[in-house]
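See structure below.
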Amino acid sequence: MDHTAHHATWGTAARATLHCLTGCAVGEILGMVIGTALAWGNAPTMALAIVLAFLFGYSFTLFSVRRSGLGLRAAVKVALAADTVSIAVMELVDNGIIALTPGAMDAHLSEWLFWATLAAALAVAFVLTTPVNKWMIGRGKGHAVVHAHH
């Protein structure tokens, strides 16, 4: 992997984080809906949401780099390298906020507390993950590996 410095702007970092946020949000919401529909408890529902957040986050990158002509194995490696840290930070922050917000873990999909907490948690996760992505891109890691295939 190239360890030379890369130009990392805040705009580039924000776009990379928004890409990650999209996959995380889709996975989080889908996991919460499935867990709630199946009457699961908080822990298995949150675990499913986290797994789906990673799955959707990786999938968005995977499909993007596959369209550029990259083979499946190489595309999977790029997606893992590009998104793992970003998704992990985002999931840690947003699930931590949800877990620490009084009543949020027990809020139902039909309650404003569920949606307000999720929206606030994802917004904070975006703000805190953007500098991480900027730092990684500046070192040729994270979404910098994706840009080589566009």
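One is the number of the first residue; the rest follow in order along the sequence.
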Step by step, work out the side chain to side chain contact (heavy atoms under 4.5 Å, CB included) result for I87 and Y58.
-> CA-CA 9 Å; I87 295 170; Y58 288 141; 4.3 Å; yes
Distance-minimising heavy-atom pair for [X] and [Y]:
{"X": "L122", "Y": "A25", "answer": "CD1-CB, 3.8 Å"}
{"X": "A16", "Y": "I137", "answer": "CB-CD1, 4.1 Å"}
{"X": "G57", "Y": "D83", "answer": "O-OD2, 3.2 Å"}
{"X": "A75", "Y": "V65", "answer": "CB-CG2, 3.6 Å"}

For [Y], is there any backbone N or O sitting under 3.5 Å from a side-chain donor or acceptor partner on [X]?
{"X": "E91", "Y": "A88", "result": "no"}
{"X": "T101", "Y": "A104", "result": "no"}
{"X": "T84", "Y": "L80", "result": "yes"}
{"X": "K134", "Y": "A8", "result": "yes"}

In terms of hydrophobic clustering (I, L, V, M, F, W, Y; side-chain heavy atoms under 4.5 Å; direct or indirect links), are [X] and [Y] co-clustered?
{"X": "L55", "Y": "L30", "answer": "yes"}
{"X": "F126", "Y": "W115", "answer": "yes"}
{"X": "V89", "Y": "V127", "answer": "no"}
{"X": "V26", "Y": "V93", "answer": "no"}
{"X": "F54", "Y": "V132", "answer": "no"}

M46 vs I50, side chain to side chain contact (heavy atoms under 4.5 Å, CB included): CA-CA, chis, key distance, verdict | CA-CA 6 Å; M46 186 175 276; I50 291 168; 4.0 Å; yes
If a pair satisfies side chain to side chain donor-acceptor pair (under 3.5 Å) and one of its residues is in residues 19-34, list it, with sequence neighbours excluded.
-> H19-T61, E28-N95
Can you measure from [atom1] ([X]) to [atom2] ([Y]) and round to the nearest 0.5 angstrom?
{"X": "L92", "Y": "L128", "atom1": "CG", "atom2": "CG", "answer": "10.0 Å"}
{"X": "W40", "Y": "M32", "atom1": "CH2", "atom2": "CE", "answer": "12.5 Å"}
{"X": "C24", "Y": "M90", "atom1": "SG", "atom2": "CE", "answer": "5.5 Å"}
{"X": "I98", "Y": "T117", "atom1": "CD1", "atom2": "OG1", "answer": "7.0 Å"}
{"X": "D106", "Y": "E111", "atom1": "CG", "atom2": "CD", "answer": "9.0 Å"}
{"X": "T36", "Y": "N42", "atom1": "OG1", "atom2": "CG", "answer": "9.0 Å"}

Mind running side chain to side chain contact (heavy atoms under 4.5 Å, CB included) on I34 and L52 for me, showing each step along the way?
-> CA-CA 11 Å; I34 292 170; L52 291 177; 4.3 Å; yes
Contacts of N133 that satisfy side-chain hydrogen bond (donor to acceptor under 3.5 Å, both in side chains) - sequence neighbours left out = T17, S86
In terms of the angle between their ring planes, are F56 and F60 parallel, tilted or perpendicular, with boundaries placed at 30° and 60°?
-> perpendicular
Taking side chain as C-beta onward, heavy atoms only, is I29 less than 4.5 Å from L118?
-> yes
Dump the intermediate steps for side chain to side chain contact (heavy atoms under 4.5 Å, CB included) on V76 and L62, then the final yes or no.
-> CA-CA 6 Å; V76 168; L62 182 67; 3.8 Å; yes
